[in-house]
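First comes the structure, then the notes that go with it.
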Protein chains: 2
Amino acid sequence: MEKELGIFSGYETCPVRNVLDRFGDKWSVLVLLALGGVEKMRFNELYKTIGSISQKMLTSTLRVLEADGLVSRTIYPEIPPRVEYKLTERGKSLLVYIHGLVGWAKENMEAIKESREQFDRR
Amino acid sequence: MEKELGIFSGYETCPVRNVLDRFGDKWSVLVLLALGGVEKMRFNELYKTIGSISQKMLTSTLRVLEADGLVSRTIYPEIPPRVEYKLTERGKSLLVYIHGLVGWAKENMEAIKESREQFDRR
DNA sequence: CGGCATCCCCTCAGATACTG
DNA sequence: CAGTATCTGAGGGGATGCCG
């Protein structure tokens, strides 16, 4: 039985937890940002663009994003197969807020790095 | 040797990766949100407010946030000891963008849940 | 009260190999 | 090309116990 106390209680109903459980992972945001820069992208393009992600993680990340309706997946039954991914409108609406975070990150990264080094030296 | 390709390359210099590595965890955002609601909070208050977090994770999360200069930690040498946590100005500036995400989450959670169920039923 | 240290489980992510 | 399948190791994170 899960502990059910506090303002963030209830995994089922709490939007914060719900969102964090999905995008609080290593890759989702990077995939969304990569797709945000262009109209559409094929699997291997994403794979190369992001870099350092494994095929396995890219696949599973895309599946989650697709399930949430943030990314659309279109299969072209050709040989060799072609699959195109693109942001849905919902995905684009989320990206707005992610860009807010990215902007903050860029502005504050240097100061944060200094804080970290100072903290480590204590 | 790490693969160094793609637009997000270079963990050291990429703000996106840097930020994600820190706040892309299970608890940081929840702690920031909890502290965002009040002036200051003691350890046990945070512990009870968040609920379902363990002492260990709360401690380590707070240490990271402190190292990054997002949260300040003040020790009062009393008996019994008292430690107060509060957001720094930098922490407050980040919270603005987190609230943006939270707002998006609240607006879209229902639609996302439906998408997930539809996806699972395929 | 507010931790840190230890133990331990068990998930998750990487590597590799294979397939339609 | 765009994935699956399988194995395996590292480490995230919980439970417990001790300390200033």
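Chain identifiers are assigned alphabetically (A, B, ...) following the order of the sequence lines, protein sequences preceding nucleic acid strands; residue numbering begins at 1 within each chain. All values below were derived from every heavy atom in this structure, side-chain atoms included, with hydrogens, water molecules and symmetry-related copies excluded.
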My understanding is that only residues two or more places apart in sequence, or in another chain, count here; which of them pass side chain to side chain contact (heavy atoms under 4.5 Å, CB included) with [X]?
X	result
A/A67	B/F119
A/T59	A/F43, A/R63
A/K92	A/L87, A/E89
A/V16	A/C14, A/L20, B/L30, B/L33, B/V102

B/I112 with A/V64, same ILVMFWY side-chain cluster at under 4.5 Å: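 Cluster IDs for B/I112 and A/V64 differ.
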In residues 75-85 of chain A, what donor-acceptor pairs under 3.5 Å come from side-chain atoms, sequence neighbours left out?
from, atom 1, to, atom 2, distance (Å)
A/Y76, OH, A/E84, OE1, 3.2
A/E78, OE1, A/R82, NE, 3.3
A/E78, OE2, A/R82, NH2, 2.8
A/R82, NH1, A/E84, OE2, 2.9
A/Y85, OH, A/R73, NE, 3.1

Backbone N/O of [Y] and side chain of [X]: donor-acceptor pair under 3.5 Å:
X	Y	answer
B/T88	B/S72	no
B/D68	B/L70	no
A/S60	A/M57	yes
B/E45	B/R42	yes

Which angle, rounded to 10°, do you find between the first-five-pair axis and the last-five-pair axis of the helix from C/dC1-D/dG20 to C/dG20-D/dC1?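 Computed angle between terminal axes is 50°.
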Sugar-phosphate or base contact per nucleotide [nucleotides 5-16 of chain D; S, B, -; heavy atom under 4.0 Å]: -B------BBB-
Is there a residue in residues 70-86 of chain A whose heavy atoms reach under 4.0 Å of DNA chain C, and which residues are they?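 Only A/P81 qualify.
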Contact residues, residues 30-41 of chain B to DNA chain C [heavy atom, < 4.0 Å]: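 Here the set is empty: none.
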Give the first and the last nucleotide of DNA chain C, reading 5' to 3', that has any atom under 4.0 Å from a heavy atom of chain A.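 With heavy atoms of chain A under 4.0 Å away, the range is C/dA13 to C/dG20.
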CD of A/Q55 to CG of A/L46: how many Å apart, nearest 0.5 Å?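 If I round to the nearest 0.5 Å, the distance is 12.0 Å.
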How many angstroms lie between OH in B/Y47 and OG in B/S52, if you round to the nearest 0.5 Å?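 Here the interatomic distance stands at 9.5 Å.
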If only side-chain N and O atoms of A/R63 are considered, is one of them under 4.0 Å from the OP1 or OP2 phosphate oxygen of D/dT4?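 For A/R63, the contact criterion (side-chain N or O under 4.0 Å from OP1 or OP2 of D/dT4) is met.
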Can you give me the closest heavy-atom contact between B/V29 and B/I98, atom names plus distance?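 Between these two residues, the closest heavy atoms are CG1-CG2, 3.8 Å.
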Counterpart residues, side-chain hydrogen bond (donor to acceptor under 3.5 Å, both in side chains), relative to A/K40 (two or more places apart):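 Residues passing side-chain hydrogen bond (donor to acceptor under 3.5 Å, both in side chains) with A/K40: none at all.
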Sequence neighbours left out, what passes side-chain hydrogen bond (donor to acceptor under 3.5 Å, both in side chains) with B/N108? Give chain and number order.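 Applying side-chain hydrogen bond (donor to acceptor under 3.5 Å, both in side chains) to B/N108 gives none.
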